[in-house]
Chemist: 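The structure is given below, and queries will be raised subsequently.
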Amino acid sequence: MARPLLLLAALAIAAPDEPTVLLTDDEIELAREFSPLESPPPDPTNRVADDPAAARLGRAFFFDPRFSRSGTISCATCHDPARGFSDGRRIAKGEAHHARHTQSLWNVAYNRWFFWDGRKDSLWSQALQPLEDHREHGTTRLEVVHAVAADEGYARAYEDVFGPLPPLDDEARFPPAGRPMPEEPRHPHHVAWTGMADEDRDAVTRTFVNLGKAIAAFERTLVTRRAPFDVFVEGLATGDEEKLRAIPPAAQRGFSLFVGEGRCILCHDGPNFTDREFHANRVPTGEGVDPGRALGVLRLLDDPFNLRSPHADDGGELGRTKLSLPRPKWHLPGEFKTPSLRNVATSPPYMHEGQMETLQEVVEFYSTLEGAVPPGPHTEKLLRPLGLDARGKADLVAFLESLTEETIPDALRGPPPTPDLPRDGR
Ligand code: HEC
Ligand code: HEC
């Protein structure tokens, strides 16, 4: 219903002799750089990245609260499909309060680095962190693999994709809970973990990593296919009048600003509207300084699951080049990852601490840079106050809204029927 009404409204406000396309030839060229969004790049470090059976297992896991300390938190608690795979909160809350805002998972498979500070270099290793983070799922890898083995549906689905589970019912070898916690050597989870035989520990960790790879296979399906802006760009290629009216004139003017004097394109470029890198946007923060990428790089290089580790299925090849690039930039604290802007209207609030409630507020910030945290000696050079008038701001918001896909496939919503995890072809 909403679409025809919007179209009528757009037609009604366009002056009768106003051309349908308001972009210059150069802007039309640029528009093609933003659309269409092709399938995500392959992930050679995850051998099940595009395996549908792995994605089904990952999907069940994603929506299942049993893999948490209290039995109430799943990935979807914070990454809710109905809220753009975020949670609507400023700061996330799982088993305890978090420090940052929940990122949307739309088009997450196109990213190069993960988390606001890029402390992970693959989607599968990212998935392992919330499970053992006391603020999120607050569980341990031993509990997770026991829960999978104890459930017939999960155990079968796991073994179909990855082969036999370790003999987890041998209680002498596999304690009920445990994980490495070298920072707290007396913690019972650490004691239980270090008491195990090396090969049993490795088997548990491998199983845990495999679950991360299945979750990543599911997350790779969270792709926006066709927003009104994409339909408009198709129209630019074919001249189809109806497609050219898929976005209102205000959104077209907003696009001109986005690639022109608004300078948004400097960071939000390409079909996923991000350069996949980090910038110090100086967004106003609460107390304390979040070092962002500066600390993220150190954590990444130290991470036992990074792409140089034996868990990468390409023998560490990608990791050897990818991990030679990032250097901690202590002179530039407060760098955060440029988010994608596809479906951005569906996941307020915005920024790494959810500092801004609406897209209007975001645009207002870029327009004035009011409240920007004081620049360091080497601050981000790309940002400057834009001084937009009211119409310019409204146009930019209209453009951002035209990046919203209107239908979400059912397969990406709500939990799948559990514990029924059918095999392929059954
Ligand atoms: C308590 C809420 C919470 C839960 C539960 C949670 N997340 Fe998150 N997620 C977050 C927050 C907050 C961030 C950003 C954290 C940061 O940057 O430090 C995040 C970031 C991510 C990212 C990075 C996205 C990007 O573009 O870099 C991915 C992927 C992700 N979560 C997947 C998952 C998966 C898979 C699970 C379940 C295993 C999960 N999350 C459970 C809150 C949560
Ligand atoms: C210097 C690079 C850069 C430029 C230029 C830039 N952005 Fe951003 N954008 C970012 C980064 C980095 C963030 C995240 C900042 C943070 O959380 O602290 C962000 C966040 C956002 C968000 C919030 C998204 C979310 O999910 O939280 C929106 C919306 C946005 N930018 C739109 C724009 C628009 C519109 C323009 C042009 C007026 C623009 N950006 C210019 C880098 C940039």
Side-chain angles (χ1 to χ4, degrees), residues 58 61-62 64-65 67-68 73-79 84-87 89 91-111 113-120 123-124 126-131 133 135-138 144 211-212 215-216 218-219 222 254 257-259 261-268 273-285 290 292-293 296 334-341 343-345 347-356 359 361-363 365-367 373 380-384 386 388 392-393 396-397 399-400:
F61 196 99
F62 188 91
D64 195 334
F67 303 101
S68 64
I73 307 287
S74 71
C75 309
T77 305
C78 299
H79 300 285
F85 285 94
S86 181
D87 53 9
R89 294 171 173 273
I91 302 288
K93 185 174 180 301
E95 296 287 358
H97 277 284
H98 205 283
R100 294 196 184 126
H101 172 65
T102 302
Q103 289 164 291
S104 163
L105 300 187
W106 279 121
N107 299 334
V108 70
Y110 298 82
N111 289 344
W113 315 106
F114 301 87
F115 285 125
W116 285 107
D117 60 6
R119 66 185 180 278
K120 287 283 182 179
L123 197 48
W124 54 265
Q126 187 290 327
L128 307 174
Q129 175 130 352
L131 292 168
D133 187 323
R135 302 166 303 185
E136 300 187 35
H137 296 239
V144 170
L211 289 167
I215 295 172
F218 166 64
E219 290 173 306
L222 306 180
L257 272 175
F258 191 88
V259 299
E261 60 185 283
R263 300 159 59 86
C264 317
I265 189 177
L266 293 179
C267 305
H268 298 279
F273 291 85
T274 167
D275 58 2
R276 311 196 292 165
E277 285 300 328
F278 302 82
H279 299 277
N281 269 21
R282 303 163 52 205
V283 177
T285 52
D290 185 335
R293 178 64 164 161
E335 278 194 321
F336 297 94
K337 194 173 70 180
T338 312
S340 166
L341 299 179
N343 276 1
V344 69
S347 59
Y350 301 107
M351 307 295 181
H352 68 280
E353 285 176 12
Q355 288 101 323
M356 299 174 191
L359 291 174
E361 265 183 67
V362 172
V363 168
F365 171 74
Y366 282 117
S367 184
V373 288
E380 175 60 66
K381 303 264 190 320
L382 298 176
L383 274 190
R384 58 180 71 148
L386 302 170
L388 299 170
K393 287 185 257 188
L396 262 180
V397 171
F399 168 64
L400 293 172

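Because only heavy atoms are used, hydrogens play no part in the values below, and waters and symmetry mates are left out as well, while side chains stay in. The chain is numbered in sequence order, starting from 1. In each ligand, atom 1 is the first atom listed, and ligand 1 is the first ligand listed.
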Chemist: Check each atom of ligand 2 against the heavy atoms of Gly262 and keep those under 4.0 Å away; list them by number with element.
Modeler: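 Every atom of ligand 2 under 4.0 Å from some heavy atom of Gly262: 37 (C), 38 (C).
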Chemist: Measure from atom 8 (Fe) of ligand 2 to every N/O/S atom of His268 and report the name of the nearest one.
Modeler: NE2
Chemist: Counting only heavy atoms closer than 4.0 Å, does ligand 2 sit against the backbone of Leu341, its side chain, both, or neither?
Modeler: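 Just the side chain.
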Chemist: Relative to the heavy atoms of Tyr350, which atoms of ligand 2 are at a distance of less than 4.0 Å?
Modeler: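 Those atoms are 23 (C), 25 (C), 26 (O), 27 (O).
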Chemist: Which ligand 1 atoms does Lys337 reach within 4.0 Å, using its non-hydrogen atoms?
Modeler: 25 (C), 26 (O), 27 (O)
Chemist: Looking at atom 17 (O) of ligand 1, what's its closest protein heavy atom, distance included?
Modeler: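 Residue, atom and distance for the closest contact: Trp116 N, 2.9 Å.
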Chemist: From the options Gly292, Ala280, Gly334, Cys267, select the one whose nearest heavy atom is closest to atom 43 (C) of ligand 2.
Modeler: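 Comparing heavy atoms across Gly292, Ala280, Gly334, Cys267, the nearest one to atom 43 (C) of ligand 2 lies in Cys267.
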Chemist: Heavy-atom pairs closer than 4.0 Å: do any link ligand 1 to the side chain of Thr77, the backbone, both, or neither?
Modeler: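 No part of Thr77 is near ligand 1 at this cut-off.
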Chemist: Using a plain distance cutoff, I'd like to know if His98 has any nitrogen or oxygen under 3.5 Å from a nitrogen or oxygen of ligand 1.
Modeler: no
Chemist: For Gly94, counting its heavy atoms only, list the atoms of ligand 1 lying under 4.0 Å from any of them.
Modeler: 1 (C)
Chemist: Side chain, backbone, both or neither: which applies to Glu219 and ligand 1 if a contact is any heavy-atom pair less than 4.0 Å apart?
Modeler: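 Looking at Glu219 and ligand 1, just side chain atoms fall under 4.0 Å.
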Chemist: Closer than 4.0 angstrom: is that true for some heavy atom of Ser104 and an atom of ligand 2?
Modeler: no
Chemist: Under 3.5 Å, is there a donor-acceptor pair between the side chain of Ser104 and the main chain of Ser86?
Modeler: no
Chemist: Within ligand 1, which atoms have a heavy atom of Ser74 less than 4.0 Å away?
Modeler: 5 (C)
Chemist: Which protein N, O or S atoms lie under 2.8 Å from atom 8 (Fe) of ligand 1?
Modeler: His79 NE2
Chemist: For ligand 2, is any non-hydrogen atom under 4.0 Å from Phe278's backbone (N, CA, C, O), its side chain (CB onward), both, or neither?
Modeler: neither
Chemist: One residue to check: Glu95. Relative to ligand 1, which of side chain, backbone, both or neither has a non-hydrogen atom less than 4.0 Å away?
Modeler: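 No part of Glu95 is near ligand 1 at this cut-off.
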Chemist: Is it the case that ligand 1 has an N or O less than 3.5 angstrom from some N or O of His137?
Modeler: no
Chemist: Of the side chain and backbone of Tyr366, name the one, both, or neither that has a heavy atom under 4.0 Å from an atom of ligand 2.
Modeler: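 Looking at Tyr366 and ligand 2, just side chain atoms fall under 4.0 Å.
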Chemist: What protein heavy atom sits nearest atom 24 (C) of ligand 2, and how far off is it?
Modeler: Pro339 CG, 3.6 Å
Chemist: Arg119 to ligand 1: N or O pair under 3.5 Å?
Modeler: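 By distance alone, the answer is yes.
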Chemist: Side chain of Ser367, backbone of Leu388: donor and acceptor closer than 3.5 Å?
Modeler: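 Flag set: sc Ser367 to bb Leu388 pair under 3.5 Å.
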Chemist: Considering only protein heavy atoms, which is closest to atom 22 (C) of ligand 2, and at what distance to one decimal place?
Modeler: Met351 CE, 3.9 Å
Chemist: Non-hydrogen atoms of Val362 versus ligand 2: any pair closer than 4.0 Å?
Modeler: yes
Chemist: Going by heavy atoms, is Leu257 under 4.0 Å from ligand 2?
Modeler: no
Chemist: Mark up the atoms of ligand 1 that fall under 4.0 Å of a heavy atom belonging to Ala127, in ascending order.
Modeler: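 Counting from 1, the qualifying ligand atoms are 38 (C).
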Chemist: Looking only at protein heavy atoms, which one is nearest to atom 15 (C) of ligand 1, and what is the separation?
Modeler: Phe115 CD2, 3.4 Å
Chemist: Pick one of side chain, backbone, both or neither for how Ile73 approaches ligand 1, counting any non-hydrogen atom pair under 4.0 Å.
Modeler: side chain
